[in-house]
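The first residue of the sequence shown is numbered 1, and numbering continues consecutively from there.
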Amino acid sequence: MAHCNFCRAAFGNRQAVRAHLKGCAAYKAHRERQGSGEEPKGRMTLGNEPDPGKVPSRQPSMPQAMPQAKSHTSSEATLIVPPQGSRLDHEAVETVLRVSETLRSLQQDLVESLPIRRLFDPVAVQRRQPSYAEWYDLAQDLVTIERALDRIITQARVSREEPWELYKLALTVNDRWVSWRRAEARSYWQREGEALGQALEEVLAEFGVPDLEHRLTRVIEGLRWLTSHTRATR
């Protein structure tokens with residue numbers, strides 16, 4: 001059970017709380033108080049407080065192949081449980097919500113493709129294409145970013161360096177995913193599309209490359225803004 005700490009309404013999970021915020025009158029009043037310079041009352045949190053040092057538990061509706069957030073190195077652990085930082089203002093909250101929504105759709109798309117990646121892994125390895133393990137690692141990086149943002153929005157706090165680390169991780173996700181998707185589209189075009197008279201750009205669109213680039217760019221730009229905003233408000 002999660003609660004909106006602006007109006008105290010109860011919801012089944014934090015995702016429902018985030019959706020509720022868009023129409024929450026108490027949250028709107030909080031924004032107006034911030035705009036007028038009035039000190040908000042109480043701590044700004046969107047759901048139940050997680051135990052210190054623990055990643056908030058989430059049970060999304062995903063296949064069994066759902067990756068878990070990485071935590072075996074100190075740098076990755078820092079993304080999940082950073083030092084307490086500054087409170088988010090309403091603009092930062094809304095930015096994180098938008099980035100989180102885009103990330104969730106990207107994660108859903110990628111995770112749903114993992115069973116097929118596993119099935120065709122021998123063929124991919126033979127053709128020197130990204131293996132199932134590489135796709136799984138990519139999905140893990142998405143989960144790491146999403147869970148870090150989930151914790152940020154739940155606690156309504158962000159450390160000085162965390163958005164920068166998340167931004168850099170998002171750049172590596174973008175570089176790998178877009179290049180792999182482009183290579184798949186080009187390979188298909190060379191095998192079949194070109195002979196059928198299809199233009200390469202048409203095949204790229206069919207493989208969803210422009211849409212993927214657009215959604216990843218939204219994530220990257222949001223994290224870049226959050227990095228600058230967090231440092232500027234110190």
Side-chain angles (χ1 to χ4, degrees), residues 58 60-73 75-76 78-80 95 98-150 162-227:
R58 301 183 64 231
S61 175
M62 293 290 183
Q64 279 190 322
M66 177 67 187
Q68 300 299 312
K70 297 179 181 179
S71 60
H72 56 272
T73 68
S75 60
E76 289 162 347
T78 300
L79 294 181
I80 299 174
T95 297
R98 287 195 298 270
V99 172
S100 183
E101 288 174 359
T102 304
L103 269 172
R104 189 166 292 106
S105 69
L106 287 166
Q107 178 183 292
Q108 181 76 34
D109 292 348
L110 183 53
V111 169
E112 287 179 351
S113 74
L114 287 180
I116 299 174
R117 300 288 180 190
R118 173 178 282 171
L119 181 64
F120 287 96
D121 188 54
V123 176
V125 171
Q126 185 178 22
R127 293 178 178 176
R128 296 184 179 180
Q129 296 172 347
S131 66
Y132 168 76
E134 290 175 298
W135 282 104
Y136 190 89
D137 283 345
L138 181 65
Q140 281 187 309
D141 286 340
L142 280 178
V143 172
T144 297
I145 299 172
E146 188 199 358
R147 288 190 173 177
L149 292 179
D150 191 28
E162 185 175 21
W164 171 244
E165 295 300 324
L166 293 172
Y167 168 73
K168 290 190 293 184
L169 183 56
L171 286 177
T172 68
V173 168
N174 177 78
D175 291 344
R176 284 177 290 162
W177 199 349
V178 171
S179 65
W180 294 352
R181 181 71 65 82
R182 279 185 169 275
E184 285 181 331
R186 181 177 289 276
S187 177
Y188 169 81
W189 178 70
Q190 291 173 337
R191 291 196 318 269
E192 302 181 32
E194 191 173 16
L196 296 174
Q198 285 184 295
L200 176 58
E201 292 303 316
E202 182 181 352
V203 174
L204 289 173
E206 289 179 358
F207 273 72
V209 174
D211 176 65
L212 177 63
E213 290 178 317
H214 174 70
R215 288 191 288 168
L216 285 170
T217 297
R218 288 182 62 185
V219 171
I220 290 169
E221 291 300 321
L223 291 173
R224 178 157 52 191
W225 179 91
L226 187 62
T227 299

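- Annotation: side chain of Q198 is in contact with side chain of E206 (closest heavy-atom distance under 4.5 Å).
- For R218, there are no salt bridge (charged side-chain N to carboxylate O under 4.0 Å, His left out) partners, not counting sequence neighbours.
- When only modelled atom types and interatomic distance are considered, Y132 and R117 share no side-chain donor-acceptor pair under 3.5 Å.
- A148 and L166 get closest at one heavy-atom pair: CB-CD2, 3.7 Å.
- Separating the OG atom in S179 from the CZ atom in R186 is a distance of 12.5 Å, to the nearest 0.5 Å.
- Rounding to the nearest 0.5 Å gives a distance of 5.5 Å between CH2 of W180 and CG of L138.
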Take W225 and E221 through the side chain to side chain contact (heavy atoms under 4.5 Å, CB included) test and state the conclusion after the steps.
CA-CA 6 Å; W225 179 91; E221 291 300 321; over 6 Å; no

Hey, can you pull the donor-acceptor pairs under 3.5 Å for the side chains in residues 167-174, sequence neighbours left out?
| residue | atom | partner | partner atom | Å |
| --- | --- | --- | --- | --- |
| Y167 | OH | R224 | NH1 | 3.4 |
| K168 | NZ | E165 | OE2 | 3.4 |
| T172 | OG1 | L169 | O | 2.7 |

Residues V209, V203; criterion side chain to side chain contact (heavy atoms under 4.5 Å, CB included); working and verdict
CA-CA 9 Å; V209 174; V203 174; over 6 Å; no

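- Of all heavy-atom pairs between Q129 and S187, the closest is NE2-OG, 4.3 Å.
- Y136 has its side chain within reach of Q140: a pair of non-hydrogen atoms, C-beta onward, lies under 4.5 Å apart.
- Taking CH2 of W135 as the start and CZ of R176 as the end, the distance is 10.0 Å to the nearest 0.5 Å.
- Inter-residue side-chain proximity for S131 and D121 is flagged as met; some heavy-atom pair is nearer than 4.5 Å.
- The heavy-atom pair separating L114 from A139 by the smallest distance is CD1-CB, 4.3 Å.
- Closest of all the heavy-atom pairs between A124 and P130 is CB-O, 3.6 Å.
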Using the side chain to side chain contact (heavy atoms under 4.5 Å, CB included) rule, take R98 and T95 through it: C-alpha gap first, then chi angles, then the decisive distance, then the call.
CA-CA 5 Å; R98 287 195 298 270; T95 297; 3.4 Å; yes

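- Atoms CZ and CG, from R182 and L212 in turn, are 10.0 Å apart once rounded to the nearest 0.5 Å.
- The minimum heavy-atom distance linking V178 with E213 is given by the pair CG1-OE2, 3.6 Å.
- In this structure, the separation between CG on L142 and CD on Q108 is 12.0 Å, given to the nearest 0.5 Å.
- For the pair L149/L223, a side-chain contact is recorded, criterion being any heavy-atom separation below 4.5 Å from C-beta on.
- In this structure, CG on L204 lies 10.5 Å from CZ on R181, to the nearest 0.5 angstrom.
- Considering every non-hydrogen atom in both A205 and P210, the closest pair reads CA-CD, 3.9 Å.
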